[in-house]
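So the structure is just underneath, and the comments pick up after that.
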Amino acid sequence: MTEKVLEIRDLRVTFDTPSGPLEAVRGIDLDVEAGELLGVVGESGSGKSVSFLATMGLLPARARVTGSVLLAGEQLIGASNKFMRSVRGRLISMIFQDPLSALNPVHRIGDQISEMLQSHQSLSSRDAAKRAIELLDIVGIPQPDDRARQYPHEFSGGMRQRVIIAIAIANNPKVLIADEPTTALDVTVQAQILEVIERVQDRFGTAVVLITHDLGVIARVADRVNVMYAGRNVEQGTINDLFDHPSHPYTRGLLASLPRPGKQRLKPITGFPPNMVNPPSGCAFHPRCEFAADICKFEMPSLVSYGDLQTACVRARELPKHERFV
Amino acid sequence: MSDELLKVTNLVKNFELRVDKGARRRKRIVQAVTNVSFSVAKGQTLGLVGESGSGKTTVGRCILRLIEPTSGSVHFEGQELGSLKFEEMRALRRKMQIVFQDPFASLDPKLTVGASISEPLNVQGVPGDHADKVLELLELVGLSADHAQRFPHEFSGGQRQRIGVARALALNPALIVLDEPVSALDVSIQAGIVNLFEDLQSRLGMSYVFIAHDLSVVRHIADRVAVMYLGKIVEIGDQEAVYSNPTHPYTKALLSAVPVPDPKTERARNRIMLEGDVPSPVNPPSGCRFRTRCWKAQEVCAQEEPMLTVRPSGQMSACHFPES
């Protein structure tokens, strides 16, 4: 029996722009189960980051957010700032692509972790400092007691991201949202950070939402995957189901566009990502879809179960069988 | 070799770094590129891979003399570029072009696409108004004639990269340096640009130096691959040999760190996890520069710099204890 720690229902986010309202997220339903690692894939502008910034209450006031987000039973949409402050860092944390801008350059690393601990727990400074060193050790920073006294500029990019993870998990949150946590890092360092995230998930039972554009990263660490396109979920399922027999033409297209060993010609998805001020009618993917029919222009599909996956495609049943890539 | 287009020999590029510490001012040297040698044959693609700070971009810019190398030589069509006068170099540049990573920063926002594409023709003093040539180039890169009158902000990232490619093609170059040309693009768009590079090469026969950190893209497009670490080439050879049979521990670790987009393969892999980060190029390790992160390192690696040596599968690598 799995417990849902995060339940997102019909989440919508709209920004007012000079060229009119831009609906960046257009009705997302998504569950995160306790202790799982959910991968969220999508290209730039698909709404993957905005959905979770909205969940965290981190969007600017001009963004209009509607729908429902339940975190361990608590409604987050429309909650007061005070309430959100008590939730962030305690029940849910978020880490970002650029670890340097997330750290305060004039405070010691240890103090920045202690601050997070003391803002949610009644701990003496001494106990907080001790716990900070333990956390640095957990995320794999050598000589943690010396490193705790250093400043962010003395850390490399990979080490900074470890510090950020230490801060994010300081209060043992139920959910950790990692938004492209390895995109700015070299691949050998990326491998280390992914290992730290998996270790945290294992050791504390933290549910992790990993937002990325890299299907290789997803294949490596995710239990389940959610594919986003133009502010909607287009497909979700377990990692093996999604990679073995993707149903949605966009998921298929993404997998087919990746270079694989051998010299066979790459298969790009034709056309361009949609302009979200004026997204295509019906299924937003239809102008780029090789299987699009007339109905796709009029009907916006919702997620429906096809075999082991949920897919938002009215033609999913009729599509030719997917050839698995090796 | 008669079909050799570009030959880089013992290329070195040091940058001076001024460090102000109180009243004392010291100069420190960043060794961005150290003794790099390779050649590129006509119509071939050399992939230059490495992590940040490996010096791959600096090599690309030294080839075009966008920055002056500290020492070493670059021969292009048999001519040594260092011996050329300014005007001679400018004339030669029409045969060597570059496409940059960021398609948003590399186009002048105030010039129409047509004007951007014809600019190299004007700079090189090619007579005429170039309108036909611009149309031909736009079609060559998969854009249409009416795009010539529009401005860069009207285009998506992938389209802008195509415009950058059209501009690079304007003077029929024999060599194009592609500096991370698809890294800024979405996955579904990357494939189209990679195909474009391949089509252009088979039609026009130019050579590419393809600089990238994405090893799977390089595997796809390159004939030969050079792997760089901290300013040096650690392994170089045919793509097939380097990828299927890496002999330098760093190449092996790098390949093993790239996640494969297939969960079953990916989770069954034996992964080599490198410790720590790339050391600073201001003060690189003695001997083999990779030894501080290498699981095979011994005493000799700190004392003696390994030379590039031919391995059984054909490529060269610089290691005292090569993988077999």
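Predicted model only: the values in this text are computed from it and were never measured. Convention: sequence-line order gives letters A, B, ...; per-chain numbering from 1.
With rounding to the nearest 0.5 angstrom, the CG atom of A:Leu258 is 10.0 Å from the OG atom of B:Ser188. Atoms CG and CG, on A:Asp186 and B:Leu254 in that order, are 8.5 Å from each other to the nearest 0.5 Å. Once rounded to the nearest 0.5 Å, the distance linking CD of A:Gln264 with NE2 of B:His220 reads 7.5 Å. Atom CG of residue B:Asp186 and atom NE2 of residue A:His213 lie 8.0 Å apart, to the nearest 0.5 angstrom.
Remark: A:Gln143 CD is loosely packed, at most 12 non-hydrogen atoms of other residues, nucleotides or ligands lying under 6.0 Å away.
No other option in B:Glu198, B:Glu240, B:Arg293, B:Arg219 has as many heavy-atom pairs under 4.5 Å with chain A as B:Arg219. Listed options A:Pro142, A:Ala222, A:Gly157 were ranked by heavy-atom pairs under 4.5 angstrom with chain B; first place goes to A:Ala222. Of the listed residues (B:Gln239, B:Gln159, B:His213, B:Arg269), the one with the most heavy-atom contacts under 4.5 Å to chain A is B:Gln159. Interface summary for chain A: among B:Gly158, B:Gly276, B:Ser256, the most heavy-atom pairs under 4.5 angstrom belong to B:Gly276. Each of B:Arg271, B:Gln190, B:Glu275 has some count of heavy-atom pairs under 4.5 Å with chain A, and the biggest count is that of B:Arg271. The residue among B:Ala253, B:Ala257, B:Gly157, B:Pro259 with the most heavy atom pairs within less than 4.5 Å of chain A is B:Pro259. Here A:Glu195 is the residue among A:Glu195, A:Gln190, A:Met159 with the most heavy-atom pairs under 4.5 Å with chain B.
Using a 4.5 Å cut-off between heavy atoms, B:Ile272 does not touch chain A at all. Only the backbone of A:Ile218 comes within contact range of chain B, judged by heavy atoms closer than 4.5 Å. With a 4.5 Å cut-off on non-hydrogen atoms, A:Leu215 touches chain B through its backbone and its side chain both. B:Ala268 does not touch chain A: none of its heavy atoms, backbone or side chain, sits under 4.5 Å away. In this structure, the portions of B:Ser216 lying under 4.5 Å from any heavy atom of chain A include both its backbone and its side chain.
Counting only heavy atoms from C-beta outward, the side chains of B:Arg267 and A:Ile239 approach each other to under 4.5 Å. In this structure the side chain of B:Pro263 never reaches within 4.5 angstrom of the side chain of A:Leu242, judged on heavy atoms. Taking 4.5 Å as the limit, every side-chain heavy atom of B:Val194 sits out of range of all side-chain heavy atoms of A:Pro259. Under the 4.5 Å side-chain criterion, counting only non-hydrogen atoms from C-beta, B:Lys264 is in contact with A:Asp244.
Minimum heavy-atom separation, A:Ala219 to B:Val260: CB-O, 3.5 Å. The two atoms that bring B:Glu51 and A:Val189 nearest to each other are OE2-N, 4.5 Å, heavy atoms only. Of all heavy-atom pairs between B:Ala191 and A:Ser257, the closest is CB-O, 3.5 Å. Taking all atoms of both residues into account, the shortest heavy-atom contact from A:Glu43 to B:Ile189 is OE2-N, 4.5 Å. The shortest heavy-atom contact between A:Arg265 and B:Asn195 is NH2-CB, 3.5 Å.
A donor-acceptor pair under 3.5 Å is absent between the side-chain atoms of A:Arg220 and the main chain of B:Val258, judged by distance alone. Without hydrogens or angle criteria, A:Gln192 side chain to B:Met273 main chain gives no donor-acceptor distance under 3.5 Å.
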